[in-house]
Participant: 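Below are the structure tokens for one structure; questions will follow.
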Amino acid sequence: MNIPLIIFFNLILSWSFTKLFIKPFRKLIPDIPNQRSSHKIIKPRGGGLSFILANLIGSYIFNQISFLFLLPLSLTGFIDDFFNISRFSRLFIQIATSSFILYSSKYINIIKSNGNFIITFIFVVSIILICTGIINFCNFIDGIDGILSGSFITIYIFSTFLFSEPLWGITGALLGFLLWNWQPSKIFMGDSGSNFLGGTLIWILLNTRDIDESIGLLLIASPILIDPLICLIRRFFAKKNIFEAHNMHLYQRLNKGGLNHQQVSLIYIFSIIFIGISFFIGGFTLEIISFLLILIFGLWLDIKYAKPF
């Protein structure tokens with residue numbers, strides 16, 4: 001396998017698609033700034049289509065995973081970028097995708113092996129809800145330049161070393177998009193891209209060799225998942241509508257507190273790298289310690305730099 005060639009081909013293809021989409025998407029699906037936005041000028045959405053298409057083409061040529069099963073989820077997000085479809089329609093597709101990934105994984109047989117229908121049902125429903133939550137959390141975290149695309153490139157690289165199924169194709173495709181998405185960004189990935197990335201993450205988590213690796217990778221991805229989870233809990237206890245759009249995530253409040261998009265994105269990316277290296281060097285125990293240190297670091301950032309919740 002020629003890894004540099006795979007990465008470079010997908011990078012160039014994704015970069016070219018993104019460049020091609022910027023002008024028409026600015027007219028067709030503009031992201032107009034409002035009081036919740038972290039940007040001040042109109043920029044196009046829907047750029048996720050570039051790395052999805054690049055990965056599909058590259059996967060056919062280089063025999064990499066195409067994530068073709070995520071197309072309904074991505075297309076729903078793309079349509080939502082245009083028409084703002086109902087929350088229940090989006091949720092239905094997310095649950096259906098999560099269910100498909102779970103039932104296509106080896107974990108479904110492990111769950112069924114307990115022989116108790118009620119326990120099996122509870123486990124299946126719980127995992128599907130968690131997976132659906134992960135898809136939505138990826139959407140929530142996609143609010144400033146480069147944070148989601150940069151974080152996922154890092155996650156893919158760590159994941160590749162735990163898989164017989166290489167992820168170099170989608171890594172290269174996302175790198176090509178990141179060149180347009182890094183501060184100052186020219187385009188946003190939109191729901192099509194964030195939903196797709198969320199889907200790839202749950203596929204990764206459910207296709208490791210064992211549960212320890214799944215938990216290890218979940219902790220590696222935790223910086224982009226814990227932020228929306230904690231924000232959701234805080235809004236619930238503050239008696240806010242948890243389904244209402246807002247700008248109260250830590251990464252958004254750090255930006256409002258004075259850190260620019262690049263600084264905030266790098267904080268999340270390097271947090272993922274720190275936890276990932278800990279897992280590969282010292283195993284699960286060191287990873288837990290690193291995860292707790294990142295939580296403490298996040299609390300310090302919240303107190304020191306973020307705009308108050």
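Heavy atoms only: backbone and side chains are in, while hydrogens, waters and symmetry mates are out.
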Participant: Report, as yes or no, whether the 6.0 Å neighbourhood of atom OH on Tyr60 holds more than 12 heavy atoms from other residues, nucleotides or ligands.
Facilitator: no

Participant: Go through the side-chain N and O atoms of Asn195 and Ser74 and say whether any donor and acceptor fall under 3.5 Å apart.
Facilitator: no

Participant: Please check if the side chain of Trp180 supplies one atom and the backbone of Trp15 the other of a donor-acceptor pair under 3.5 Å.
Facilitator: yes

Participant: Is it the case that the side chain of Glu287 and the backbone of Gly283 share a donor-acceptor pair, with hydrogens and angles ignored and the cut-off at 3.5 Å?
Facilitator: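 Judged by distance alone, no pair lies under 3.5 Å.
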
Participant: So, using ring-ring contact (aromatic ring centres under 6.0 Å, His included) as the criterion, who are the partners of Phe9 when residues are at least two apart?
Facilitator: Phe62

Participant: Just so I know, are the side chains of Leu56 and Leu71 near enough to count as touching, which here means a heavy-atom distance under 4.5 Å?
Facilitator: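 In short, these two side chains touch, coming nearer than 4.5 Å.
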
Participant: Per the salt bridge (charged side-chain N to carboxylate O under 4.0 Å, His left out) rule, what does the pair list look like for residues 247-259, sequence neighbours excluded?
Facilitator: Arg253-Asp302

Participant: Looking at Ser265 and Ile147, would you say the former's side chain and the latter's main chain have a donor-acceptor pair under 3.5 Å?
Facilitator: yes

Participant: Roughly how far apart are Ile95 CD1 and Ile128 CD1, rounded to 0.5 Å?
Facilitator: 8.0 Å

Participant: Please test Ile61 against Ile6 for side-chain contact (heavy atoms from CB on, under 4.5 Å), starting from the C-alpha separation and ending with a verdict.
Facilitator: CA-CA 9 Å; Ile61 296 172; Ile6 293 171; over 6 Å; no

Participant: Nearest 0.5 angstrom please: Leu11 CG to Ser16 OG, how far?
Facilitator: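 That separation rounds to 9.0 Å.
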
Participant: Would you kindly say whether Asn55 and Ser66 are connected by a side-chain donor-acceptor distance under 3.5 Å?
Facilitator: no

Participant: Using atom types as modelled and distance alone, determine if a side-chain donor or acceptor of Thr76 lies under 3.5 Å from a backbone N or O of Pro72.
Facilitator: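 Confirmed, Thr76 side chain pairs with Pro72 backbone.
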
Participant: With sequence neighbours excluded, what pairs up with Lys186 under the side-chain hydrogen bond (donor to acceptor under 3.5 Å, both in side chains) test?
Facilitator: none

Participant: What verdict does the side-chain hydrogen bond (donor to acceptor under 3.5 Å, both in side chains) test give for Ser149 and Asn181, after you've listed the backbone C-alpha separation in whole Å, the side-chain angles of each residue and the deciding distance to 0.1 Å?
Facilitator: CA-CA 8 Å; Ser149 48; Asn181 185 236; 2.9 Å; yes

Participant: Going only through I, L, V, M, F, W and Y residues with side-chain contacts under 4.5 Å, is there a path from Phe8 to Ile57?
Facilitator: yes

Participant: Can you list the steps and then say if Leu70 with Trp203 is a side-chain contact (heavy atoms from CB on, under 4.5 Å)?
Facilitator: CA-CA 10 Å; Leu70 294 178; Trp203 179 86; 5.9 Å; no

Participant: Using a distance-only test with no angle check, is there a side-chain donor-acceptor pair under 3.5 angstrom linking Ser194 and Asp142?
Facilitator: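 Judged by distance alone, the side chains do not pair up.
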
Participant: Could you tell me whether the side chain of Arg235 and the main chain of Asn241 form a donor-acceptor pair under 3.5 Å?
Facilitator: yes

Participant: Ignoring hydrogens and angles, tell me if any N or O in the side chain of Gln262 forms a donor-acceptor pair with the backbone of Gln183 under 3.5 Å.
Facilitator: no

Participant: Determine the sole option in Ser271, Ser222, Ser278 for which the side-chain hydrogen bond (donor to acceptor under 3.5 Å, both in side chains) test with Ser290 is passed.
Facilitator: Ser278

Participant: Grab the two heavy atoms, one from Ile42 and one from Pro30, that are nearest each other, plus how far apart they are.
Facilitator: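 Closest pair (atom of Ile42, atom of Pro30, distance): CG2-CB, 3.6 Å.
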
Participant: If we ignore angles and hydrogens, is there a donor and acceptor under 3.5 Å between the side chains of Gln64 and Trp168?
Facilitator: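 Judged by distance alone, the side chains do not pair up.
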
Participant: With a sphere of 6.0 Å drawn around NZ of Lys240, does it hold more than 12 non-hydrogen atoms of other residues, nucleotides or ligands?
Facilitator: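 Open: at most 12 neighbouring heavy atoms sit under 6.0 Å from NZ of Lys240.
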
Participant: Take atom CZ in Phe121; do more than 12 heavy atoms of anything else shown fall under 6.0 Å from it?
Facilitator: no

Participant: Can a donor-acceptor pair be found, under 3.5 Å and without considering hydrogens, that links the side chain of Ser50 to the backbone of Gly47?
Facilitator: yes

Participant: Would you tell me whether Ser214 and Thr208 have side-chain atoms, one donor and one acceptor, within less than 3.5 Å of each other?
Facilitator: yes

Participant: Take Trp300 and Tyr305 through the test ring-ring contact (aromatic ring centres under 6.0 Å, His included) and record every step on the way to the result.
Facilitator: CA-CA 8 Å; Trp300 177 77; Tyr305 292 104; 5.5 Å; yes

Participant: Ignoring hydrogens, what is the shortest heavy-atom contact between Cys138 and Leu201? Give both atom names and the distance.
Facilitator: SG-CD2, 4.5 Å

Participant: Whether the Ser86 and Ser89 side chains hold a donor-acceptor pair (N or O, under 3.5 Å, no angle test) is what I'd like checked.
Facilitator: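 There is such a pair between these side chains.
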
Participant: Are the side chain of Thr200 and the backbone N or O of Leu197 linked by a donor-acceptor pair below 3.5 Å?
Facilitator: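 Yes, Thr200 side chain to Leu197 backbone: donor-acceptor pair under 3.5 Å.
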
Participant: Scan residues 251-289 for pairs that pass ring pair (Phe, Tyr, Trp, His ring centres under 6.0 Å), counting only residues two or more places apart or in two chains.
Facilitator: Phe158-Phe280, His249-Tyr251

Participant: Would you call the rings of Phe67 and Phe196 parallel, tilted or perpendicular, taking 30° and 60° as the class edges?
Facilitator: perpendicular

Participant: Counting distance only, does the side-chain N/O of Gln263 pair as donor-acceptor with the main-chain N or O of Asn260 below 3.5 Å?
Facilitator: yes

Participant: Show, in sequence, the C-alpha distance, side-chain angles and deciding distance for Ile134 and Ile130, and conclude whether the side-chain contact (heavy atoms from CB on, under 4.5 Å) test is met.
Facilitator: CA-CA 6 Å; Ile134 288 174; Ile130 291 170; 4.2 Å; yes

Participant: Under the ring pair (Phe, Tyr, Trp, His ring centres under 6.0 Å) definition, can you give me all pairs with a residue in residues 30-59, not counting sequence neighbours?
Facilitator: His39-Phe188, Phe51-Phe177

Participant: Can you find a pair of side-chain heavy atoms, one from Cys231 and one from Leu250, that are under 4.5 Å apart?
Facilitator: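 Not in contact.
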
Participant: Gln94 and Asn136: side-chain donor and acceptor closer than 3.5 Å?
Facilitator: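 On atom types as modelled, these side chains qualify, holding a pair under 3.5 Å.
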
Participant: The test is side-chain contact (heavy atoms from CB on, under 4.5 Å); show your working for Leu49 and Phe25 and say whether it passes.
Facilitator: CA-CA 11 Å; Leu49 188 62; Phe25 283 8; 4.1 Å; yes

Participant: Once salt bridge (Lys or Arg N to Asp or Glu O under 4.0 Å) is applied, do any residues pair with Arg26, and if so which ones, sequence neighbours excluded?
Facilitator: none

Participant: To the nearest 0.5 angstrom, please state how far the CD1 atom of Ile127 sits from the CD1 atom of Ile122.
Facilitator: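 Answer for the CD1-CD1 pair, Ile127 versus Ile122, is 12.0 Å.
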
Participant: Quick check for you: to the nearest 0.5 Å, what is the distance between Leu206 atom CG and Tyr103 atom OH?
Facilitator: 12.5 Å

Participant: Roughly how far apart are Ile272 CD1 and Thr154 OG1, rounded to 0.5 Å?
Facilitator: 5.5 Å

Participant: Is the count of non-hydrogen atoms from other residues, nucleotides or ligands lying under 6.0 Å from Asn63 atom CG greater than 12?
Facilitator: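 12 or below, so no.
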
Participant: Atom CG of residue position Leu292 - does it have more than 12 heavy atoms of other residues, nucleotides or ligands inside 6.0 Å?
Facilitator: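 Result for CG/Leu292: enclosed.
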
Participant: Work out which heavy atom in Ile101 is nearest to a heavy atom in Gly199; give both atom names and the distance.
Facilitator: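 What the structure gives for the nearest pair is CD1-O, 3.7 Å.
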
Participant: For a 4.5 angstrom cut-off between non-hydrogen side-chain atoms, does Lys43 reach Asp145?
Facilitator: yes

Participant: Among the clusters formed by ILVMFWY side chains lying less than 4.5 Å apart, do Ile211 and Leu218 turn up in the same one?
Facilitator: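 Same cluster: Ile211 reaches Leu218 through Ile, Leu, Val, Met, Phe, Trp or Tyr contacts under 4.5 Å.
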
Participant: Could you give me the CA-CA distance, side-chain angles and deciding distance for Phe92 and Phe88, then say whether ring-ring contact (aromatic ring centres under 6.0 Å, His included) is met?
Facilitator: CA-CA 6 Å; Phe92 174 79; Phe88 295 104; over 10 Å; no

Participant: Would you call the rings of Phe78 and Phe82 parallel, tilted or perpendicular, where under 30° means parallel and over 60° means perpendicular?
Facilitator: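 Answer is perpendicular, since the angle exceeds 60°.
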
Participant: Any donor and acceptor pair, going by atom type alone, linking the side chain of Asn10 with main-chain N or O of Gly169 inside 3.5 Å?
Facilitator: yes

Participant: Could you report the tightest heavy-atom contact between Leu259 and Asn255, atom names first, then the distance?
Facilitator: O-ND2, 2.9 Å

Participant: Just verifying a value: how many Å separate Ile157 CD1 and Leu175 CG, rounded to the nearest 0.5 Å?
Facilitator: 7.0 Å

